[in-house]
Engineer: 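Shown below is the structure under consideration.
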Amino acid sequence: MVKQVLVTILLSICTFAQTASYGADPQESKLIVLEHLWNEAQVHRDSGALAELIGDRFVNTEYDGEVSNRAKFLADIKDPLFKPVMVTIQDVKVNMYQQAAVVAGVYHTKGSYKGKPYDHKGRFTDTWVYEKSKWQCVASHTSLLPK
């Protein structure tokens, strides 16, 4: 699994490097790559990879209003009844602050939960903090777009 994540990271960085606009802030580019890695970790239900991306005091607010902490979020990813098959993001914007950043965009996810299919499109806002020489997401919020 670690090899698969490392290959995904490398491919994501290479792919993004080819499509990034000239003169883009390297920290903004890195955050977008981290967001894509987050998506891949969700599809593969890789709570270890996600644990590396989120802070100790992480707060997650789901589209339905459910709020969870780091432990609950990671446990939900491992839940065998949760079976995502696709998570993508687009229209991503990064707003940089000294040692923090807010990343917002549109997401699309498909899969099943407890045997029932889902297909969600919505907006996400992730707050990242740079500490201990790495970026970590400390808060995430999603909301559904009207169909």
Side-chain angles (χ1 to χ4, degrees), residues 1 4-6 8-13 15-17 19-21 24-147:
M1 182 65 90
Q4 184 178 23
V5 170
L6 291 175
T8 301
I9 291 170
L10 182 59
L11 290 173
S12 295
I13 291 170
T15 301
F16 185 76
T19 60
S21 61
D25 181 314
Q27 292 303 313
E28 287 182 22
S29 299
K30 183 171 186 172
L31 285 162
I32 293 171
V33 168
L34 292 173
E35 290 282 354
H36 285 287
L37 293 174
W38 179 307
N39 297 340
E40 286 298 314
Q42 282 186 301
V43 169
H44 297 291
R45 298 180 45 240
D46 188 347
S47 62
L50 282 167
E52 291 297 315
L53 297 173
I54 63 175
D56 292 338
R57 295 179 290 162
F58 175 74
V59 176
N60 182 54
T61 306
E62 288 288 344
Y63 68 90
D64 61 1
E66 180 183 345
V67 177
S68 60
N69 63 14
R70 175 187 169 89
K72 171 89 167 80
F73 177 77
L74 294 173
D76 287 348
I77 295 298
K78 292 190 284 189
D79 183 345
L81 300 175
F82 172 58
K83 297 177 180 172
V85 295
M86 181 199 79
V87 180
T88 62
I89 56 175
Q90 62 187 42
D91 301 330
V92 179
K93 306 278 189 275
V94 179
N95 292 299
M96 300 293 299
Y97 302 90
Q98 292 178 13
Q99 297 297 311
V102 176
V103 181
V106 174
Y107 73 91
H108 184 195
T109 183
K110 289 183 182 182
S112 65
Y113 181 63
K114 295 183 179 179
K116 293 185 178 184
Y118 64 84
D119 184 351
H120 295 165
K121 293 180 183 173
R123 297 198 183 280
F124 73 91
T125 304
D126 292 337
T127 303
W128 294 80
V129 174
Y130 189 79
E131 61 183 17
K132 299 179 186 170
S133 301
K134 68 179 185 176
W135 285 103
Q136 288 199 310
C137 187
V138 295
S140 183
H141 186 274
T142 59
S143 60
L144 291 178
L145 290 170
K147 291 190 177 197

Engineer: Roughly how far, to the nearest 0.5 Å, is CG of Asp119 from NZ of Lys147?
Structural biologist: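 Taking NZ in Lys147 and CG in Asp119, the distance rounds to 6.0 Å.
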Engineer: Hey, what do you get for OG1 (Thr142) to CG (Asp64), rounding to the nearest 0.5 Å?
Structural biologist: 8.0 Å
Engineer: If I take atom CG from residue Leu37 and atom CG from residue Asp46, how far apart are they, to the nearest 0.5 angstrom?
Structural biologist: 10.5 Å
Engineer: So Phe58 and Leu74, do their side chains get closer than 4.5 Å, heavy atoms only?
Structural biologist: no
Engineer: Find out whether Ser140 and Phe124 are in side-chain contact, i.e. whether some heavy atom of one side chain is under 4.5 Å from a heavy atom of the other.
Structural biologist: no
Engineer: Are any of the side-chain heavy atoms of Val106 and Lys121 separated by less than 4.5 Å?
Structural biologist: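 Not in contact.
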Engineer: State which residues pass side chain to side chain contact (heavy atoms under 4.5 Å, CB included) with Ser68; sequence neighbours excluded, sorted by chain then number.
Structural biologist: Asn60, Lys72, Phe73
Engineer: Using every non-hydrogen atom in the two residues, find where His141 and Asp126 come nearest and quote the distance to one decimal.
Structural biologist: N-OD1, 4.2 Å
Engineer: Can a side-chain donor-acceptor contact be found between Gln27 and Trp128 if the only test is distance below 3.5 angstrom?
Structural biologist: no
Engineer: Less than 4.5 Å apart, side chain to side chain, heavy atoms only: is that true for Val102 and Lys93?
Structural biologist: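 No, every pair of side-chain atoms sits at 4.5 Å or beyond.
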Engineer: Below 4.5 Å, heavy atoms only, C-beta onward: do Arg57 and Val138 meet side chain to side chain?
Structural biologist: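 Side-chain contact under 4.5 Å: no.
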Engineer: For residues Trp135 and Gln99, report the shortest heavy-atom separation together with the two atoms involved.
Structural biologist: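 Closest approach of Trp135 to Gln99, heavy atoms only: CZ3-O, 4.1 Å.
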Engineer: On a heavy-atom basis, which atom in Ile77 and which in Ser47 lie closest, and how many Å separate them?
Structural biologist: CG2-N, 4.0 Å
Engineer: Determine whether more than 12 heavy atoms belonging to other residues, nucleotides or ligands lie under 6.0 Å from atom CZ of Arg123.
Structural biologist: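 Atom CZ in Arg123 is not packed in, count stays at 12 or less.
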Engineer: Kindly determine whether Asn39 and Tyr107 satisfy side-chain contact (heavy atoms from CB on, under 4.5 Å), including the steps that lead there.
Structural biologist: CA-CA 10 Å; Asn39 297 340; Tyr107 73 91; over 6 Å; no
Engineer: Do Arg45 side-chain atoms and Asp79 backbone N/O form a donor-acceptor pair below 3.5 Å?
Structural biologist: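 Yes: the side chain of Arg45 pairs with the backbone of Asp79.
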Engineer: Taking all non-hydrogen atoms of both residues, which atom of Ser112 and which atom of Gly115 are closest, and how far apart?
Structural biologist: CB-C, 4.4 Å
Engineer: May I have the step-by-step check of side-chain contact (heavy atoms from CB on, under 4.5 Å) for Val129 and Gln136, ending in yes or no?
Structural biologist: CA-CA 5 Å; Val129 174; Gln136 288 199 310; 5.9 Å; no
Engineer: How far apart are the C-alpha atoms of Asp25 and Lys30, what are their side-chain angles, what is the distance that settles it, and do they pass the side-chain contact (heavy atoms from CB on, under 4.5 Å) test?
Structural biologist: CA-CA 9 Å; Asp25 181 314; Lys30 183 171 186 172; over 6 Å; no
Engineer: So, using salt bridge (Lys or Arg N to Asp or Glu O under 4.0 Å) as the criterion, who are the partners of Lys134 when residues are at least two apart?
Structural biologist: Glu52
Engineer: For the side chain of Thr109 and the backbone of Met86, is there at least one donor-acceptor N/O pair under 3.5 Å apart?
Structural biologist: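 Yes; judged by distance alone, with no hydrogens or angles, the pair exists.
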Engineer: Under a 4.5 Å cut-off applied to non-hydrogen side-chain atoms, are Phe82 and Tyr118 in contact?
Structural biologist: yes
